[in-house]
Amino acid sequence: MIEENNSTPEAIRQMSICNACRYCEGYCAVWDAIEFKPVLNKGYISHLANLCHDCRDCFYACPYNAPDHEFKLNIPRVLGQVRVETYYANIRPKFMKFSLERPILFTSLSAFIAVILVMVYSSLLFGLNKISTLPMTTIIPVSVFKPATMAIYLYTLVIWSWEALSYWSEINEGKRFTASGVMRGVYDAFFHRNFLGGGTGCKVPGENNKYFRLTAHSLVFFGFIVALISISFYPNIFGYIGIVYFLGSLAISIGTVALIYIHIAEDRGSRSQKQSSLDYAFTVLLFFAGITGVLIPILIGTDWFNWNFLIHDALMAVVFLIAPFSKFIHPVFRLISLIKYRSDSSRQ
């Protein structure tokens, strides 16, 4: 069960000690941002939690995180817990909060139901034996695919915006974004600037790692963008477009496998288990969406092409339909916190 603000007092306690210590100054945006706020409060802790990219450099550098030390600091874990609680507090509509309490069940059921509905509907409409022989444009006409796709994108953007406004009202402190803050925040998000930690990369899944997580996340991020752009050319998904879509889907597949490995191999002592469940559920969904995308050009001309395309399309629809109620809420909150951080920096 997730409780709103349950971890906030503990996060304020730990970050207040960090604000006095400053040993991790310069590691990432979080350690610059706490200098702007000598006395921390709930809204600012929420901001710091979403500004945190979970690189864990601070965890391995901290002299006060030993289990028997009186300070008992564990910044990655406590900020991860606050991060999930900010998702829970600002998810819209509010009745969807249950999706964050049982993320694996919610994501699995959503994917299963979507795939079954698409397959059953197509079979009833065209006949089970004809699905593999018909042109894909007969099963999913362009006149249906493109409006449906745009409607799903619009739905996701509207709910994301609703949640973003709720989150911004929690952390803005009566201040506004600056133009330079917006540009620099978007730049930081797009190029994964804070995945470099203190310049030595993310200590994930362990202390000796550097750029493993940065590479994995970049593959998923840029692969998703490439796949998203290339599928917009439907039904022209063959030839060069098909190759581009294959490469984008392959990047997603490789990146998600690497992220799943991180979930298995990481040091769980520095990780919020609430955050882990959210991450794992959505990462597995992205893996199946990616691998079915990889199979699209491979299965061209076979009896399995149409079935695979239908399954892939259903999974991609689920990715966007549950995006505002899953791990995929994090880019919205993180971008807002990055823009706030850059805007605050420009005022100093």
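In this text the structure is predicted, and so the values were computed from the model without any measurement. Keep in mind that the numbers below use all heavy atoms, side chains included, and drop hydrogens, waters and symmetry copies. When a residue number appears, it is its place in the shown sequence, counting from 1.
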- Considering only heavy atoms from C-beta outward, does the side chain of Val257 approach that of Ser253 to under 4.5 Å? no
- Message: With heavy-atom distances below 4.5 Å as the criterion, would you say the side chains of Leu310 and Ile140 are in contact?
- Response: yes
- For the residue pair Asn19 and Met15, establish whether any side-chain heavy-atom pair is separated by less than 4.5 Å. no
- Is the closest side-chain heavy-atom distance between Val294 and Phe246 below 4.5 Å? yes
- Message: My understanding is that a hydrophobic cluster links ILVMFWY residues whose side chain heavy atoms are under 4.5 Å apart, including indirect links. Using that, what else belongs to the cluster containing Tyr64?
- Response: Ile17, Phe71, Leu73
- Separation of Leu134 CG from Asn129 CG (nearest 0.5 Å): 11.0 Å
- Query: Should the pair His263 and Tyr280 be assigned to parallel (<30°), tilted (30 to 60°) or perpendicular (>60°) ring geometry?
  - Reply: perpendicular
- Is the centre of the Phe282 ring less than 6.0 Å from the centre of the His330 ring? no
- side-chain hydrogen bond (donor to acceptor under 3.5 Å, both in side chains) contacts touching residues 184-195 (sequence neighbours left out): Asp188-Arg342, His192-His217
- Message: Side chains of Asp32 and Ser345 only: does a donor on one sit below 3.5 Å from an acceptor on the other?
- Response: no
- Query: Could you give the distance from OG (Ser337) to OH (Tyr167), rounded to the nearest 0.5 Å?
  - Reply: 2.5 Å
- Message: Quick one, Ser270 with Tyr60, criterion side chain to side chain donor-acceptor pair (under 3.5 Å). Give me CA distance, side-chain angles, the key distance, then yes/no.
- Response: CA-CA 9 Å; Ser270 61; Tyr60 291 104; 4.6 Å; no
- Task: Would you please indicate if the ring centroids of Phe233 and Phe238 are separated by under 6.0 Å?
- Result: no
- Do the rings of Phe222 and Phe190 sit parallel, tilted or perpendicular, given the 30° and 60° boundaries? perpendicular
- Using a 4.5 Å cut-off on heavy atoms from C-beta on, say whether the side chain of Pro235 contacts that of Phe145. no
- Query: Do you see a donor-acceptor pair shorter than 3.5 Å between the side chains of Glu85 and Gln81?
  - Reply: no
- Close side-chain approach of Phe328 to Leu285, heavy-atom, < 4.5 Å: no
- Tyr234 versus Ile241: any side-chain heavy-atom pair under 4.5 Å? no
- Rounded distance [0.5 Å steps], CG in Leu40 versus NE2 in His47: 10.5 Å
- Message: Whether Lys42 and Glu170 form a salt bridge (side-chain N of Lys/Arg under 4.0 Å from carboxylate O of Asp/Glu) is what I want to check.
- Response: yes
- Task: Might you work through the side chain to side chain donor-acceptor pair (under 3.5 Å) test for Glu101 and Tyr88, ending with a clear yes or no?
- Result: CA-CA 9 Å; Glu101 295 174 347; Tyr88 191 77; 2.7 Å; yes
- Query: Side-chain contact, heavy-atom cut-off 4.5 Å: Met96 with Pro324?
  - Reply: no
